[in-house]
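A quick write-up on the structure given underneath.
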Amino acid sequence: MRTTDYLLATQKESPAEAEIISHQLMIRAGLVRKLASGLYTWLPSGLRVLNKVAAIVRDEMNKAGAVEVSMPVVQPADLWQESGRWDDYGPELLRIKDRHERDFVLGPTHEEVITSLVNNEVSSYKQLPLNLYQIQTKFRDEVRPRFGIMRSREFIMKDAYSFHLDTESLETTYQRMHKAYCNIFDRIGLEYRPVVADSGSIGGAVSHEFHVLADSGEDDIAFSNASDFAANVELAEAICTAGRPTASSDIELIDTPNAKTIADVATLLNVEATQCVKTLFVKASEESDDALVALVLRGDHQLNEIKASKIDGIASPLEMADEAEVKPVTSAGFGSLGPVNLNCRIIVDRSAAVVADFICGANIDEKHYINANWDRDVKTYQIEDIRDVIAGDPSPDGNGTIEIRKGIEVGHIFQLGDKYSKAMNCGVLTESGKHQVLQMGCYGIGVSRIVAAAIEQNHDKYGIIWPDTIAPFQVAIIPMNMHKSPRVAEAASKIYESLIALGVEVLFDDRKERPGVMFNDMELIGVPHSIIIGERNMDNQVVEYKNRQTGDKTTVSIDEIVAFTVDKIGA
RNA sequence: CGGUGAGUGGCGCAGCUUGGUAGCGCACUUGGUUUGGGUCCAAGGGGUCGUAGGUUCAAAUCCUAUCUCACCGACCA
């Protein structure tokens with residue numbers, strides 16, 4: 001491709017709204033343009049990358065025994081009513097009407113369509129297991145699209161759905177897909193982790209997320225420094241191996257004027273936050289006799305809302321009580337609450353339960369207790385795991401300690417079980433002639449999100465550094481002042497034609513631009529290999545090869561540069 | 001949906017307080033200059049100042065309504 005025939009669309013400046021580096025670089029490098037909130041046009045370079053990612057995904061899916069189909073973006077509402085998600089999915093599901101006033105949705109996912117399809121096409125156990133996938137546009141009407149292509153409303157997703165007679169077969173395919181996902185991210189060259197995950201609203205028992213590690217990620221991933229344990233912080237178990245020391249002092253009521261937060265109290269009393277406990281009040285579930293439940297955590301720990309909401313008697317999703325609701329129970333306001341003399345159900349985090357002689361609110365405004373102790377000063381309480389794990393915690397698998405890193409979720413696989421097949425009565429006849437509801441698995445990859453995630457992980461101050469496998473072009477030819485030097489023009493054209501003939505993807509910068517402009521553009525776009533051709537090297541019949549990733553430069557003779565470059569691409 | 005902020009040429013912004021008929025940088029066009037890391041000079045094209053209404057002799061500027069967008073939060077693959 002010659003740049004004069006191409007739409008390079010590079011920019012010096014990025015829009016003010018682009019907050020994260022991948023978004024800025026995708027605009028500046030001419031990969032995408034925003035049309036409206038959460039809606040993006042893919043420019044030629046961006047589309048090339050997107051297609052390469054899709055091709056790798058497709059190849060690995062095929063190798064893993066999945067079969068490609070393509071389902072409509074627009075889906076009839078009755079399918080969604082049948083599965084129950086017409087009511088459950090909420091405003092993220094974009095609903096539209098056709099000219100006959102019939103309801104449709106823009107598909108955010110395709111469980112309903114695929115289940116309907118399989119129900120119609122598969123009627124015997126002999127046809128199972130079956131794994132169908134597609135790579136296609138999804139639409140989710142996100143409350144707040146952000147980070148460019150990372151969380152957009154319209155995006156490209158690979159979604160696969162497998163169907164099985166029993167859970168053993170589901171497990172086998174699940175493991176096969178797990179491996180295929182690892183192959184995909186390995187091939188693309190990303191640093192990633194498969195992590196144990198909460199299956200959330202999609203349902204099912206077993207679930208793994210695949211995260212690309214990047215500081216701009218929206219999820220916290222906990223993993224062991226000594227084993228392959230990795231889990232989303234949402235559900236990573238917080239282990240407490242320590243025992244509780246015996247109480248050493250009598251409980252004492254002290255004045256703590258204007259000390260509202262744990263940090264205030266710790267500073268005032270000159271102690272560590274770990275010696276304090278904090279008490280939060282959440283609403284009890286409707287069937288519970290209580291109105292509120294007190295949750296007690298060590299001062300330096302954070303409440304894990306997902307863990308808390310799973311405890312019997314607590315409202316799910318979790319609802320924090322406001323000050324007006326707390327006052328009648330405690331007779332004190334926020335900032336002075338604690339478990340001592342509290343007439344309310346108390347749930348204590350494992351780590352808070354092993355603190356002795358702790359500091360807590362006294363349920364009297366402006367006062368705290370010091371040297372409070374469990375059992376002695378608080379008789380009735382229940383111990384649960386209700387906090388987020390933090391760096392340094394012991395790993396739940398018993399090996400090593402926890403580290404926390406940010407991750408971008410690029411894949412998620414689920415063992416769905418019969419949630420959809422049961423709702424939509426999707427089954428086959430078994431060997432004995434009985435109708436049996438199928439087991440399902442579903443497996444998603446955010447194809448467009450991978451493009452952004454790859455940039456988050458691979459860039460420098462000059463621009464993008466694409467892994468070879470997904471770069472928009474493999475090689476850039478940068479001729480210096482070609483329009484003034486027939487020798488340079490001839491050498492550049494010759495090298496270009498030779499590489500093209502070998503099937504190499506080359507971007508030949510034939511613009512009448514100064515060298516600096518071309519260098520900067522090619523580095524911004526992130527082409528992995530460059531060939532620099534200048535008049536000063538013509539007398540020796542050599543050109544320069546430059547590697548974007550390492551920055552290494554090598555002088556190579558014109559006769560050998562094509563073979564040299566092809567070798568570099570292969571390496 | 002709550003909080004905050006912003007809408008002025010393709011992008012980044014100034015002008016608004018104190019109304020007087022729109023400007024700067026980048027990008028674009030033309031000519032020249034320069035040519036191994038975003039040269040420099042000159043000339044030029046492009047904007048009903050988000051939209052609607054109001055005040056006024058006069059509105060980008062003041063008032064009202066409305067729309068859109070971004071960031072934080074909530075929510076959510």
Side-chain angles (χ1 to χ4, degrees), chain A residues 7-20 23-24 27-28 30 33-39 43 88-93 107-111 138-148 150-153 155-159 197-203 207-211 217-219 232 234 305-306 317-320 407-414 442-449 453 461-463 478-485 488 509 511-524 530-538 543-544 546 551 553 555:
Chain A
L7 184 61
L8 209 52
T10 54
Q11 297 183 166
K12 279 189 187 174
E13 291 175 293
S14 54
E17 70 200 42
E19 287 285 308
I20 63 171
H23 188 193
Q24 294 169 6
I27 303 288
R28 289 224 290 134
R33 287 291 183 268
K34 187 171 81 168
L35 179 65
S37 179
L39 301 174
L43 297 175
D88 294 347
Y89 210 96
E92 215 176 288
L93 180 64
T109 173
H110 281 68
E111 279 85 3
K138 296 278 184 284
F139 193 95
R140 294 183 188 174
D141 202 357
E142 292 280 349
V143 186
R144 183 153 87 84
R146 63 186 125 171
F147 302 148
M150 194 83 84
R151 183 172 292 276
S152 52
R153 295 197 288 179
F155 59 99
I156 307 291
M157 181 167 164
K158 187 285 300 176
D159 47 327
D198 185 41
S199 49
S201 61
I202 297 220
S207 158
H208 285 83
E209 294 169 342
F210 288 78
H211 283 266
E218 295 187 86
D219 290 89
N232 195 307
E234 285 178 352
E305 299 197 5
I306 289 178
L318 199 72
E319 281 186 83
M320 300 298 292
I408 299 166
E409 184 189 344
V410 290
H412 201 162
I413 58 177
F414 303 80
C442 81
Y443 319 90
I445 283 186
V447 175
S448 44
R449 187 180 278 185
K461 62 178 176 175
Y462 302 108
I478 307 176
M480 316 268 102
N481 302 307
M482 182 173 80
H483 301 87
K484 288 250 176 83
S485 166
V488 169
D509 200 347
R511 291 176 297 174
K512 197 176 176 180
E513 285 287 355
R514 290 167 56 84
V517 172
M518 293 195 275
F519 284 132
N520 282 314
D521 271 347
M522 293 306 125
E523 277 161 7
L524 175 61
S530 295
I531 298 169
I532 300 150
I533 304 163
E535 176 64 28
R536 67 148 93 137
N537 283 326
M538 280 300 108
V543 296
E544 195 174 5
K546 185 174 179 186
K553 292 180 188 174
T555 302

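Residue numbers start from 1 in every chain, and the chains themselves are labelled A, B, ... in the order their sequence lines are given, proteins ahead of strands.
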For the C1' atoms, the ones on B:C69 and on B:C11, what distance do you get once it is rounded to whole angstrom? 16 Å
Take atom C1' in B:U8 and the same atom in B:G38, then report the distance between them in whole Å. 27 Å
Length of the line joining A:E234:CD and B:C76:C1', which is rounded to integer Å: 10 Å
For A:K138, give me all partners under side chain to side chain donor-acceptor pair (under 3.5 Å), at least two apart in sequence or on another chain. A:H110, A:Q136, A:D159
Applying a 3.5 Å limit to both distances, which nucleotide forms a Watson-Crick or G-U wobble pair with B:U17? none
For the side chain of A:E19, counting heavy atoms from C-beta on, which of B:C71, B:A70, B:G37 is nearest? B:C71
Could you tell me how far B:A60 sits from B:G23 if I compare only their P atoms? Round to whole Å. 13 Å
Output, in order, the C-alpha distance, side-chain angles, deciding distance and verdict of salt bridge (charged side-chain N to carboxylate O under 4.0 Å, His left out) for A:K34 and A:E17. CA-CA 11 Å; A:K34 187 171 81 168; A:E17 70 200 42; 2.8 Å; yes
Atom CD of A:Q24 to atom P of B:C71: distance rounded to whole Å? 12 Å
Taking the minimum atom-to-atom distance to the side chain of A:V517, which one of B:A70, B:C76, B:G38 wins? B:G38
Sort out the partner of B:U35 for me: Watson-Crick or G-U wobble, both distances under 3.5 Å, none otherwise. none
First encountered from the 5' end of RNA chain B, between A:P108 and A:D521: A:D521
A:E142 has an atom CD; how far is it from atom C1' of B:C72, in whole Å? 17 Å
Rounding to the closest angstrom, what is the interatomic distance between B:G19 and B:C62 at atom P? 9 Å
Would you confirm whether A:R33, through its side chain, and A:A9, through its main-chain N or O, come within 3.5 Å as a donor-acceptor pair? yes
Atom pair CD1 (A:I20) and CE (A:M150), whose distance is rounded to the nearest 0.5 Å: 4.0 Å
Spatial distance of atom CZ (A:F147) from atom CD1 (A:I408) [nearest 0.5 Å]: 9.5 Å
Work out how far the C1' atom of B:G3 is from that of B:U39, and round it to whole angstrom. 48 Å
Below 4.5 Å, heavy atoms only, C-beta onward: do A:F210 and A:I445 meet side chain to side chain? no
Counting only side-chain nitrogens and oxygens, does A:S37 get under 4.0 Å of the OP1 or OP2 atom of B:A70? yes
Can you build the contact string for nucleotides 28-36 of chain B? Use B for base contact, S for sugar-phosphate-only contact, and - for no protein heavy atom under 4.0 Å. ------BBB
Check: B:C76 base within 3.5 Å donor-acceptor of A:R151 side chain: yes
Spacing of the C1' atoms in B:G15 and B:A6 (rounded, Å): 16 Å
Provide the Watson-Crick or G-U wobble partner of B:G25, both distances under 3.5 Å; none if there is no partner. B:C11
CD of A:E17 versus P of B:U68: gap in Å, rounded? 16 Å
Using whole Å, report how far NZ of A:K34 lies from P of B:C11. 10 Å
Between B:C13 and B:G7, how many Å separate the two P atoms, rounded to a whole number? 9 Å
Starting at the 5' end of RNA chain B, which residue's closest nucleotide do you reach first, A:E92 or A:R28? A:R28
Kindly write out the residues that satisfy side chain to side chain donor-acceptor pair (under 3.5 Å) with A:Q24, not counting sequence neighbours, or none if the list is empty. none
Counterpart base for B:U66, defined by Watson-Crick or G-U wobble contacts under 3.5 Å: B:G50
State whether the distance check finds a donor on one side and an acceptor on the other, under 3.5 Å, for side chain A:K546 versus base B:G37. yes
A:E13 CD to B:C13 P: how many Å, rounded? 8 Å
Whole-angstrom distance between B:A43 and B:G25, as gauged at atom P: 12 Å
Whole-Å distance, A:K12 NZ to B:U39 C1', equals 11 Å
Pair partner, B:C71 [Watson-Crick or wobble, under 3.5 Å]: B:G3
Touch check for A:D141, heavy atoms < 4.0 angstrom, all strands: base, sugar-phosphate only, or nothing? nothing
Find the distance A:R146:CZ to B:C75:C1' and express it as a whole number of Å. 9 Å
I need the single residue from A:E218, A:E19, A:H23 that forms a side chain to side chain contact (heavy atoms under 4.5 Å, CB included) with A:R146. Which is it? A:E218
Between A:E209 and A:N232, is any side-chain donor less than 3.5 angstrom from a side-chain acceptor? yes
